[in-house]
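Taking it in order: structure first as structure tokens, then the write-up.
Everything numeric in this text was worked out from a predicted model, so none of it was measured. What's counted below: heavy atoms across the whole structure, side chains too, no hydrogens, waters or symmetry copies.
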Amino acid sequence: MSMNQYWADLEQPEYDPEEFVERLAFRARSAGGGQGQGGRGELSDAQQLHTAFLTAIKDLKLMHEKQMTKCEELEESVREEERAHWARVAGLIQRNRAAATTYKSLDERINLVAGKVVHLGDQLESVNTPRARAEEALKLMKHFDDFLDGETSVSPVFMDKARLYEAADIIQKLQLIAQELPEKEFSPAQRAIEAKYSEIEASLIEEFVKHHRSGDKQKMAELALILSHFRGYNECVNAFIEQIQVTSFRGKDPFKDIVPLCKTSWSTISSVFPSPSAVMAKFVLNIYHVKLKQHIQNVLSDKNNTELYLRNLFTLYSQTTRLSQDLSHYNLGSDQLFLSKLTKDIFARYLDSYINIESRYLNDRSKTVLTRYYENKGHQRKNISSSGTVSELKRDIHGLIAAKTNFNIGDIVNYGGETFLSEEVAISLLQEAKEAFRRCQVLSKTSDLAANAEEIWNLLVSYLLHNHVDYAIELGLAGIPLPESKSAPELYFFEVVSQTNTIIHLVDKLFTDSLVPLVASTPKHGSCLHTKKQELEKLETKLDQGLDRSLAAVAGWIKTVLSSEQKKTDFNPVDGDPLPVASSACIKVVRWVGGLTVKLRDCLDGRNVEWALQELGVRLHRAIYEHLMGFQFASAGAMTLICDMQEYRRCVADWKQGVVQSLFDTLHAMCNLLILPPENLRGAAMGDQLASVDKTILDNWLQLRVDYKTARLANCL
């Protein structure tokens with residue numbers, strides 16, 4: 001097998017020793033001519049394989065030795081090359097050190113030469129500067145000599161317009177020199193120089209305006225720099241500002257033009273003037289004190305329409321404040337409050353009288369709203385004394401007289417159900433107050449903000465709560481029927497309660513949203529809270545009083561219905577045993593109370609409904625109980641009573657008032673005592689429903705039975 005064949009097998013990408021041996025064995029057997037016959041053939045194959053393997057091992061060893069020799073030669077060659085490389089590196093390091101030494105030496109020599117050059121330059125300058133100054137002084141002296149006789153100089157530099165810049169430089173220096181000279185001796189020269197100074201200054205300003213119109217910023221910058229050394233520099237700035245405004249402010253509203261104008265003007269100012277911040281500040285000052293101030297005076301000149309005046313004042317001040325914020329990013333000098341001071345200066349006389357005008361407007365507007373409302377209702381406001389002990393005593397006396405004489409001397413006027421409360425009026429007054437608070441926040445000084453807000457709040461309380469809500473409640477109280485009324489009471493006070501609650505919610509929302517942010521963290525906050533609490537408590541007291549009177553009228557009417565509709569024979573029939581059905585008096589009461597329940601739920605909300613239903617239930621129970629104590633009950637009549645009691649219980653069950661249901665359950669259990677045989681009365685009285693009832697009450701109740709004496713029920717309990 002040739003060496004090339006071995007290399008081909010060994011250098012395959014995926015070399016496998018076992019596969020190499022298998023391939024070697026296959027080739028050895030193929031070279032021997034295949035398998036022999038029997039045992040001799042197998043022995044011959046094994047010997048052939050053995051010989052082939054020995055030969056292959058020998059060849060591979062020879063190949064290994066050759067490869068090792070070649071590797072040693074290559075390693076020696078690499079070591080030689082490495083030694084040569086390190087020798088070259090050492091040489092380069094030595095050369096680098098020599099170059100660094102040379103560079104340091106050259107740097108020192110360069111610094112030495114540079115120092116000598118600078119010294120030489122200083123010496124030359126020290127010689128040249130006095131010479132240049134002397135030449136400049138000589139030139140100025142010659143020009144000054146031209147003015148000594150008091151006549152205008154005819155020097156070519158002053159006659160040639162093309163040399164205006166040079167003439168300006170000379171005359172500016174001459175003017176400074178002339179100021180230092182004695183006036184007595186050099187008065188003619190000073191006047192002549194001053195005249196030429198003014199003439200050249202005017203020419204410079206004229207040139208500046210001309211180049212401004214043509215838009216040549218480079219020439220404008222050159223002229224502005226020259227004029228900055230002249231007295232008339234401010235006139236140059238004024239001319240620039242006037243020229244800008246000639247083509248601006250064409251519309252009625254200057255606020256729309258100012259920000260774009262300042263933006264375009266700033267690009268020109270920053271590239272033309274040597275001190276752009278001062279020029280920009282003067283430009284803004286001119287806009288505020290001329291254009292804006294005139295516009296504001298024109299708009300606010302008419303104070304006859306107070307509403308329009310306040311709206312315009314708020315709008316103009318807000319626009320000016322917003323404008324100041326938009327212009328604040330320009331560098332307008334060291335005063336950070338420059339724009340704020342301009343705004344306050346323009347609006348000072350308007351802001352000083354703001355709260356007086358605001359208060360007067362709210363007064364007039366609130367009076368107008370209320371007057372128009374009552375006029376539309378055809379109502380003439382009355383002077384009603386506030387509810388109190390005297391009015392309560394007077395009402396009680398009227399009720400007592402009506403009960404005893406059946407003659408009503410009280411003046412009960414319900415105005416046909418009109419409550420004289422209007423959510424539209426309330427919303428109108430609240431909206432006016434809300435706008436006033438918004439104006440107050442913007443237009444009031446920080447020190448006066450809380451006091452002004454409190455003044456607006458007090459006006460709202462006066463007109464809305466005192467003159468409208470409280471007045472309507474007083475009318476409602478006066479219109480509540482007496483308990484001794486002989487006709488079904490018209491209870492309109494529940495609508496008064498409903499509308500009052502709605503208005504109070506609106507007032508509370510305005511207080512939280514608009515007033516509190518203005519008075520928070522100030523003593524006025526506590527004052528406003530106290531006023532609100534005091535007023536609401538006063539209204540709540542009157543509403544509670546009205547609800548109590550209304551429920552008293554309900555109870556009085558229930559008594560009237562029961563006393564007029566209930567017959568003695570309902571509970572003590574004389575003609576046989578009637579069918580056990582509810583009495584007509586009970587049905588009438590239940591229906592009327594059912595309608596009243598619907599009205600209560602429509603007009604009241606939250607816990608007010610629960611309280612009113614509970615109080616109504618207690619008074620209904622008392623009226624029924626006191627009514628029943630005036631009757632005698634037979635067994636058949638007691639069944640009618642139980643039917644009545646079922647109706648009453650069904651009526652109050654929907655209220656879901658535990659106290660009321662317990663009262664009627666107890667009364668129902670007491671009604672059962674009227675039909676039980678004597679031997680069962682003691683057990684019934686000791687039951688769950690009646691165990692807590694006083695025995696005296698139960699004994700008095702049993703006396704209502706027609707058989708109380710005959711059945712000897714006195715000792716049954």
Side-chain angles (χ1 to χ4, degrees), residues 140 143 147 152-153 155 157-180 190-250 254 257-294 327 330-335 338-339 342:
L140 289 175
H143 286 295
F147 289 97
T152 302
S153 174
S155 173
V157 71
F158 294 116
M159 304 301 292
D160 189 357
K161 291 186 177 180
R163 301 174 66 182
L164 179 62
Y165 294 177
E166 183 182 354
D169 181 59
I170 293 172
I171 198 65
Q172 189 264 337
K173 293 176 181 177
L174 288 177
Q175 195 267 345
L176 293 176
I177 293 172
Q179 288 180 346
E180 302 295 328
Q190 289 175 337
R191 287 195 297 271
I193 292 173
E194 186 66 30
K196 181 58 69 173
Y197 181 91
S198 301
E199 178 186 340
I200 292 177
E201 184 180 66
S203 298
L204 289 171
I205 295 174
E206 183 180 348
E207 285 292 310
F208 181 87
V209 173
K210 182 178 72 173
H211 290 300
H212 185 197
R213 290 172 180 171
S214 62
D216 190 345
K217 293 184 181 180
Q218 183 177 355
K219 290 291 185 181
M220 290 172 64
E222 294 174 358
L223 289 164
L225 182 60
I226 295 173
L227 281 166
S228 64
H229 302 293
F230 280 75
R231 292 195 306 264
Y233 178 65
N234 286 333
E235 295 182 17
C236 170
V237 174
N238 293 337
F240 172 79
I241 293 173
E242 290 175 5
Q243 182 62 31
I244 287 179
Q245 296 185 14
V246 168
T247 57
S248 305
F249 302 110
R250 299 296 179 86
D257 303 326
I258 291 176
V259 174
L261 176 63
C262 288
K263 184 177 181 181
T264 56
S265 300
W266 172 248
S267 63
T268 303
I269 291 172
S270 59
S271 61
V272 169
F273 292 96
S275 54
S277 298
V279 176
M280 189 65 185
K282 190 168 185 179
F283 177 59
V284 172
L285 178 66
N286 181 271
I287 290 176
Y288 271 68
H289 273 279
V290 178
K291 295 297 181 183
L292 271 188
K293 192 171 185 179
Q294 184 62 41
L327 299 181
Y330 294 110
N331 184 9
L332 301 178
S334 59
D335 189 357
F338 176 70
L339 293 173
L342 287 180

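Atom OG of residue Ser228 and atom CZ of residue Phe273 lie 10.5 Å apart, to the nearest 0.5 angstrom. Here the straight-line distance linking atom CH2 of Trp266 with atom OG of Ser277 works out to 5.0 Å at 0.5 Å rounding. A distance of 4.0 Å separates CG in Asn234 from NZ in Lys282, rounded to the nearest 0.5 Å.
Applying the side-chain contact (heavy atoms from CB on, under 4.5 Å) criterion to Ser275, with sequence neighbours excluded, gives Tyr233, Ala278. Partners of Val290 by side-chain contact (heavy atoms from CB on, under 4.5 Å), not counting sequence neighbours, listed by chain and number: Asn286. Every residue meeting the side-chain contact (heavy atoms from CB on, under 4.5 Å) condition with Gln294, not counting sequence neighbours, appears here in chain and number order: Gln297, Asn298. By the side chain to side chain donor-acceptor pair (under 3.5 Å) test, Asp216 is found to be paired with no residue, residues two or more places apart in sequence or in another chain being considered.
Here the closest heavy-atom approach between residue Ala239 and residue Val209 is recorded as CB-CG2, 3.8 Å. Listed here is the closest heavy atom pair of Ile287 and Cys262: CD1-SG, 4.1 Å.
The shortest side-chain heavy-atom distance between Val272 and Val279 does not fall under the 4.5 Å cut-off.
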What side-chain donor-acceptor pairs closer than 3.5 Å can you find for residues 217-225, not counting sequence neighbours?
residue, atom, partner, partner atom, Å
Glu222, OE1, Tyr165, OH, 3.4

Leu342/Leu292 under side-chain contact (heavy atoms from CB on, under 4.5 Å): CA gap, chis, key distance, verdict
CA-CA 11 Å; Leu342 287 180; Leu292 271 188; over 6 Å; no
Could you give me the CA-CA distance, side-chain angles and deciding distance for Thr268 and Phe240, then say whether side-chain contact (heavy atoms from CB on, under 4.5 Å) is met?
CA-CA 10 Å; Thr268 303; Phe240 172 79; 3.8 Å; yes
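For residues 202-215, every residue pair satisfying the salt bridge (charged side-chain N to carboxylate O under 4.0 Å, His left out) rule, not counting sequence neighbours, is listed here: Glu207-Lys210.
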